[in-house]
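Comments concern the structure below.
By convention in this document, chain letters (A, B, ...) are assigned in the order of the sequence lines, proteins followed by strands, and residues within each chain are numbered from 1.
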Protein chains: 2
Amino acid sequence: MLKKERQAYILHQVNLHNKVVSATLSAEIAVSEDTIRRDLQELSETGKLVKVHGGALSAAFYDNPVIESNVYAQTDKQIIGNKAASLIKDGMFILTGGGTTILEFARCLPSTLKATFISGSIPAISEYMNHPNIEIIVLGDKLSKTSRITVGADAVNRIKNIKADLCILGINAIDTENGVTDNDWDVVQIKQQMIASSHKTICLTISEKINTVQPIHVCGLNKIDSLITELDPGNKLLKPFKDAGITIL
Amino acid sequence: MLKKERQAYILHQVNLHNKVVSATLSAEIAVSEDTIRRDLQELSETGKLVKVHGGALSAAFYDNPVIESNVYAQTDKQIIGNKAASLIKDGMFILTGGGTTILEFARCLPSTLKATFISGSIPAISEYMNHPNIEIIVLGDKLSKTSRITVGADAVNRIKNIKADLCILGINAIDTENGVTDNDWDVVQIKQQMIASSHKTICLTISEKINTVQPIHVCGLNKIDSLITELDPGNKLLKPFKDAGITIL
DNA sequence: GTGGATAATGCAGGTAATTGCAGGTTTATT
DNA sequence: AATAAACCTGCAATTACCTGCATTATCCAC
């Protein structure tokens, strides 16, 4: 069998069944697994499929159009994302919410990181999926169209049964008097339970949102362990929060 | 044997078998392999075939997979998606799996449709989110990286508590003897429960997968109510399934 | 017919591509 | 942490490829 012919066959199989296994192909075509591996390697390099341990997956199935849209204050959020990503260690269980800041955080995670992320945010989950060593637990329930995360009693109950190392939240407003506040009742229920179910809570926000208030109370400052902004930790805007016992990063 | 005559013979062979091997041709026509090579070279330059290491492939055969856009057999899948979309009525509760065929189905849904979709497939959910009037229930559990849907006991149990109007599945293989078969154990558990929890089951597949078999049994033909392919319902390839009591669309 | 121009073919050699195997390393899973 | 499977690297053997060049076939005008 000719090499190109063999590769065409592999491609056909992978497009037909979404995945192929090297050992199976090797037996089917009667060539060594090394040859199959080299074929998959080549096809992978030209983007025709995606190579994984033991076989390959359909490229069409794997690539999802990453919405590289105009995120507000993106560079600031990338700074925040990098700071937050440096806190995550191998083996951790992390609860995360949604929002564009969390998305940037997800993109900043190193590909070598082996951790478990628990989230109900569909965009965030899509980002976590791009990281080969991250385990993902999806929180199921009704999907809120506006926030693109799952909300409801079911999701809250599910979080109750979890004790995570970290809870990482993008927040909408924070000030010294009211603590963390938000504007979506359903989302607040989720955030509150995430905070309650984690050993440590880390809040991410761009400095613009500091000292602003929203209608619904999420939690007091005493529940927050760390606050991450794009600013230098020594910035005087952050001093009141440092004084309240929050670690500023 | 004349040169033109020889080349005509080679072309005939390549169109007949989709491939030719230099060494074989050399023996058949009793000329040196160098001559065959030169012939293939010329025919390749005029686009009559595609030269590869060791021989040549039919141009038609070789071109097809190259042109492919993001989704393999996209137009076929769009035909399927449109057929399936026409079955969905306002107010319905629909369980759906994952896969590229389901993705096309999701894109074909009219924006006016008011229905509730229940799924654990992240890419499918991302598509449903684009439809303003669709309610989405996310099935939570561990996310399988290869199939991009949630799998596990939790998701299965959650489906158990649902009674949906329709179950729409993209399937990997179907034949009259073994029914529907697949290649991922976890995904099969989900599919089986989805079928059990729905009044009607509709299977989507491109005709290429008909009469193919995969290792794991999903369900017998008796569990399927409708089968949707890109083919005309009267196509004789589908007759055995029609005879088994399945509605062909 | 016949000579010369042109094209086609086969062969020699050196180069490149392909493949399977041995070994040591990495990865996934229990 | 152990174990089996998958992976990678380098190597050797085989096979295909290419470049000239000599030989042979074909064609065309005379």
Please compare A:D39 and A:N133 by the position of their nearest nucleotide in DNA chain C and report the one closer to 5'. A:D39

Judged by modelled atom types alone, do B:D182 and B:N172 share a side-chain donor-acceptor pair under 3.5 Å? yes

Using a strict threshold of under 4.0 Å (side-chain N to carboxylate O), is an ion pair present between A:E42 and A:K3? yes

Does the pair A:D39/A:R6 count as a salt bridge with the N-to-O cut at 4.0 Å? yes

Check whether any side-chain heavy atom of B:L139 lies under 4.5 Å from a side-chain heavy atom of B:I149, and answer yes or no. no

In B/S/- notation, 5' to 3', how is nucleotides 4-22 of chain D contacted by protein heavy atoms closer than 4.0 Å? --SBB-------SBB----

Just by distance, no angles: are the side chains of A:S32 and A:T35 close enough, under 3.5 Å, to form a donor-acceptor pair? yes

Boundaries of the chain A footprint along DNA chain C (any atom under 4.0 Å from a heavy atom): C:dT18 to C:dA28

When the C1' atoms of the five terminal pairs at each end define the local axes, what inter-axis angle does the helix from C:dG1-D:dC30 to C:dT30-D:dA1 show, to 10 degrees? 50°

Polar contact flag, side-chain donor to acceptor under 3.5 angstrom, A:E135-A:Y128: no

Would you check if there is a donor-acceptor pair between the side chains of B:T100 and B:K77 at a distance under 3.5 Å? yes

For B:T146 and B:S144, test the side chains for any donor-to-acceptor distance below 3.5 angstrom and give the result as yes or no. yes

Taking A:E127 first and then A:R107, would you say they form a salt bridge - that is, a charged N and a carboxylate O separated by under 4.0 Å? yes

Classify the side-chain pair B:E28/B:T24 by whether it contains a donor and acceptor separated by less than 3.5 Å. no

